[in-house]
Protein chains: 2
Amino acid sequence: MQSMTISQLARAAEVGVETVRYYQRRGLIAVPPTRSGIRRYEAPTLVRLRFIRRAQGLGFSLEEIGDLLGLDEHTDRVAARAIAREKLTQIEERIAQLQAMAHALRDLVACCEHSPAAQPCPILHTLAQPTRADSYSKSTGAG
Amino acid sequence: MQSMTISQLARAAEVGVETVRYYQRRGLIAVPPTRSGIRRYEAPTLVRLRFIRRAQGLGFSLEEIGDLLGLDEHTDRVAARAIAREKLTQIEERIAQLQAMAHALRDLVACCEHSPAAQPCPILHTLAQPTRADSYSKSTGAG
DNA sequence: CTAAACTCCGTAGTCAGGTACGGAGTCAAG
DNA sequence: CTTGACTCCGTACCTGACTACGGAGTTTAG
């Protein structure tokens, strides 16, 4: 399959036709010239489309992917590495945030399971507590 | 401060006035009756507002927070715990996804650092690779 | 040669969680 | 009693990544 219609291209890359058009509008993939109104796509466009999906899977936004697509495999290795490192840092930060949330939730659930039935729900009660949200974390001391 | 204007309320909860109004539109906090056109807010509304912000900090969406706000501290402990557990599971899943991304990125960066300068950038090259995105993970063998 | 399927392209809608705007009314200080 | 700050409310706008719609043109199978 040397040359594809847009729906063949989309199917090959496992995206929707509208998504392909959207990427064209965003300038991520080229709009090939048309003979008689219908455009035909070549293999390099499919490669580019798959690049986009894989980069998304690594957490890159379409804007960042636009930058990555502008890089040259041979002359821009340092830049590519820098972008990848930055993304890695962002992901690690996000993981840390989510781990803090998970930790707080685990504490609340555990607290709720072990507190006497006559008392108000520690989860709801803690959320309604005045100011600082960390009364459920670490110690109950003055710290 | 028994009774507050909307801006005092917003300041006390560390949110914007427009955000308070937005929560009113969403039905998360009540719109108090007005005498002469200006509304006044009591302490329980501030508690509710802080509840919302803290629940957001734990990863709950405004819709979920609406559910939580409808629960009773005494009679709905089981429901509250179930919601918290479900959120915890979602967060753990998200963490796992992000860790997979981070792992892949770390591999790519390391690969890029150690590959000979004459070769194309392994990061860009891997992204452009046909089909499966996992050629950068685990081993380089036939698997 | 026709009918179905596909393509093109611009525009608009979706989700979440706000943020901004504008005009009219209200309140407090001087 | 005016000035300036604040409030009310509806509506529109924002980000990011799509997704849908509609009408006109094109291609293909029978």
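FYI, side chains are in, hydrogens and waters are out, and symmetry mates aren't considered; it's all heavy atoms of this structure.
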What nucleic acid atoms does A:Arg11 come within less than 4.0 Å of, heavy atoms only: base, sugar-phosphate, or nothing? nothing
Going 5' to 3' through nucleotides 22-30 of chain D and flagging B where a protein heavy-atom sits under 4.0 Å of the base, S where only the sugar-phosphate is that close, and - otherwise, we get ----SS---
Whole angstrom is fine here: how far is it from CD in B:Gln24 over to C1' in C:dT19? 16 Å
Do B:Pro122 and B:His114 have side chains that approach each other closer than 4.5 Å (heavy atoms only, starting at C-beta)? no
Using 4.0 Å as the upper bound for N to carboxylate O, is an ion pair formed by B:Glu113 and A:Arg85? yes
If I take atom CZ in residue B:Arg26 and atom C1' in nucleotide D:dG10, what distance separates them, rounded to the nearest angstrom? 18 Å
Under-4.0 Å side-chain N/O to phosphate OP1/OP2 contact, B:Ser7 with D:dC6: no
Measure CZ/B:Arg39 against C1'/C:dG25 and give the value in whole Å, please. 13 Å
Under 4.0 angstrom between A:Tyr23 side-chain N/O and D:dC18 OP1 or OP2: yes
So, B:Glu14 and B:Arg53, do they make that salt bridge, N to O below 4.0 Å? no
Without decimals, in angstroms, what is the distance between A:Leu9 CG and C:dC8 C1'? 15 Å
Round to a whole Å and report the spacing from CG of A:Leu62 to C1' of D:dT15. 12 Å
Taking C-beta and beyond as the side chain, do A:Arg35 and A:Arg40 meet within less than 4.5 Å on heavy atoms? yes
Closest nucleotide of DNA chain D for A:Thr19 versus for B:Thr34: which of these residues is on the 5' side? B:Thr34
Between A:Tyr41 and A:Arg39, is any pair of side-chain heavy atoms under 4.5 Å apart? yes
Residues B:Gln8 and B:Arg11: side-chain donor-acceptor under 3.5 angstrom: no
Closest-nucleotide ordering on DNA chain C, the 5'-leading residue of B:Glu63 and B:Arg25: B:Glu63
Does a side-chain N or O of B:Gln56 approach OP1 or OP2 of C:dG18 to a distance below 4.0 Å, or not? yes
Once you round it to whole Å, what is the distance between P of D:dG16 and CD1 of A:Ile52? 16 Å
Between A:Leu28 (CG) and D:dC18 (P), how many Å, whole number? 10 Å
For C:dC8, does either OP1 or OP2 sit under 4.0 Å from a side-chain N or O belonging to A:Arg21? yes
Do A:Cys111 and B:Arg81 have side-chain heavy atoms sitting under 4.5 Å apart? no
